[in-house]
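Structure, as structure tokens:
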Amino acid sequence: GESTVANILGEPLLRAANPIVATYARADAVDVRISAIAEPDRPAATLVAETEAVVLAALGGYVWGRDDDTWPAVLGRDLAALGWTVALADLGTGGATTRLFGDAEWLKAASVFGPKERGDAALASLAEEIRAESQASVGLAVRTFESGDDTTVELALAGPAGARQSSLTAFLGGAEGRRRAGIAAAAFLHAYAREAAQAPDGQQPGAP
């Protein structure tokens with residue numbers, strides 16, 4: 001959330017007069033925008049670059065794009081570098097993950113299920129099943145449950161870099177919780193692809 005990003009960056013950075021660092025919440029991310037006015041001994045571009053380095057040092061693990069990047073575009077670059085396609089099983093999110101991915105060329109298949117459909121199926125099995133049925137490189141399955149005022153998100157991946165599973169809490173319930181589940185699924189796939197891209201040739205991530 002925006003307040004968490006602001007807390008990580010800290011008051012001194014956010015209250016500085018030049019460069020100006022500001023946070024803006026949008027539907028699928030929190031933007032951090034940096035603007036500067038040239039000083040006698042330093043051009044504006046230098047001021048922005050120096051401040052960007054500070055921001056990335058604080059938030060680097062959470063940064064997934066820049067400028068006008070979108071999740072489908074960033075994932076598209078990640079997947080294209082690996083020659084991968086994706087098949088999605090979207091359970092209980094009301095199609096939130098499917099809508100986030102949109103008509104991306106790398107999305108080979110997407111199946112949307114209601115909250116009670118396939119509820120007894122192991123998520124890892126569903127990821128492998130949709131991968132095999134569509135002949136995609138990667139199978140991604142996401143499932144949500146209402147958990148009090150929040151939403152529990154379960155994630156599973158099956159692909160060339162092995163299988164992965166995760167569970168997390170998307171704060172808030174209802175439509176907002178389901179929307180955040182879609183973003184969590186995108187981030188999960190993003191991390192998986194980046195991990196595979198950084199692994200030594202011929203070696204699965206995490207292998208000795």
Side-chain angles (χ1 to χ4, degrees), residues 1-82 84 86 96-97 99-102 104 106 138 140 142 150-151 153 155 157 161 164-172 176-201 203-206:
E2 185 179 9
S3 60
T4 301
V5 172
N7 287 336
I8 293 173
L9 293 176
E11 286 291 321
L13 186 63
L14 293 173
R15 290 186 179 276
N18 189 40
I20 296 173
V21 179
T23 60
Y24 299 88
R26 55 186 175 92
D28 59 352
V30 175
D31 283 346
V32 179
R33 300 181 187 176
I34 305 167
S35 58
I37 298 173
E39 297 179 348
D41 57 340
R42 287 188 297 172
T46 299
L47 292 168
V48 168
E50 291 173 352
T51 304
E52 181 186 29
V54 174
V55 170
L56 289 175
L59 295 173
Y62 303 102
V63 175
W64 57 268
R66 61 186 301 146
D67 298 329
D68 58 352
D69 273 337
T70 63
W71 273 115
V74 169
L75 290 170
R77 292 198 296 268
D78 292 341
L79 296 165
L82 295 162
W84 288 359
V86 175
T97 311
R99 287 193 298 275
L100 179 63
F101 291 170
W106 48 264
V138 177
L140 168 62
V142 52
D150 298 317
T151 303
V153 185
L155 300 160
L157 275 164
R164 299 286 186 279
Q165 286 189 265
S166 182
S167 179
L168 53 89
T169 298
F171 296 105
L172 297 179
E176 180 62 17
R178 293 190 293 272
R179 184 186 65 79
R180 293 184 179 191
I183 296 170
F188 191 52
L189 177 59
H190 175 61
Y192 181 80
R194 287 293 172 91
E195 185 182 359
Q198 294 167 7
D201 291 344
Q203 180 175 307
Q204 285 191 1

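Side chains included, hydrogens not; waters and symmetry mates left out as well; all remaining heavy atoms used. For this chain, numbers begin at 1 and follow the sequence in order.
Atom CG of residue Leu13 and atom OG1 of residue Thr51 lie 6.5 Å apart, to the nearest 0.5 angstrom. Atom CZ of Arg194 is separated from atom CG of Asp78 by 4.0 Å, given to the nearest 0.5 angstrom. Distance check, rounded to the nearest 0.5 Å: CZ of Arg178 to CD of Glu176 gives 10.0 Å. Annotation: the span from Leu82 atom CG to Arg77 atom CZ amounts to 13.5 Å, rounded to 0.5 Å. Separating the CD1 atom in Ile20 from the CG atom in Leu14 is a distance of 11.5 Å, to the nearest 0.5 Å. From Thr97, atom OG1 reaches atom CZ of Phe188 across 12.5 Å, with rounding to the nearest 0.5 Å.
Considering only heavy atoms from C-beta on, Leu189 comes within 4.5 Å of Trp106 through its side chain. Taking the side chain as every heavy atom from C-beta outward, Leu168 and Leu155 approach each other to under 4.5 Å. Side-chain atoms of Tyr192 and Val138, non-hydrogen and from C-beta on, do get closer than 4.5 Å to each other. Between Phe101 and Leu75 there is a side-chain heavy-atom pair separated by less than 4.5 Å.
Between the side chain of Asn18 and the backbone N or O of Ile37 there is at least one donor-acceptor pair closer than 3.5 Å. The main-chain N or O of Leu172 is found under 3.5 Å from a side-chain atom of Thr151 such that the two form a donor-acceptor pair.
Qualifying ring pair (Phe, Tyr, Trp, His ring centres under 6.0 Å) partners for Trp71, counting only residues two or more places apart in sequence or in other chains: Trp64, His190.
A pairwise comparison of heavy atoms in Leu47 and Ala36 identifies CB-CB, 3.8 Å as the closest pair. Summarising the geometry of Pro72 relative to Leu100, their closest heavy-atom pair is CG-O, 3.3 Å, with the distance given to 0.1 Å. Minimum interatomic distance between Asp31 and Arg26 (heavy atoms only, all atoms of both residues): OD1-NE, 2.8 Å. Asp150 and Ala170 get closest at one heavy-atom pair: CB-O, 3.7 Å.
Annotation: cation-pi pair Arg33/Tyr24 present, NZ/CZ under 6.0 Å from the ring centroid and within 45° of its normal.
More than 12 heavy atoms of other shown residues, nucleotides or ligands fall within 6.0 angstrom of atom CZ in Arg42.
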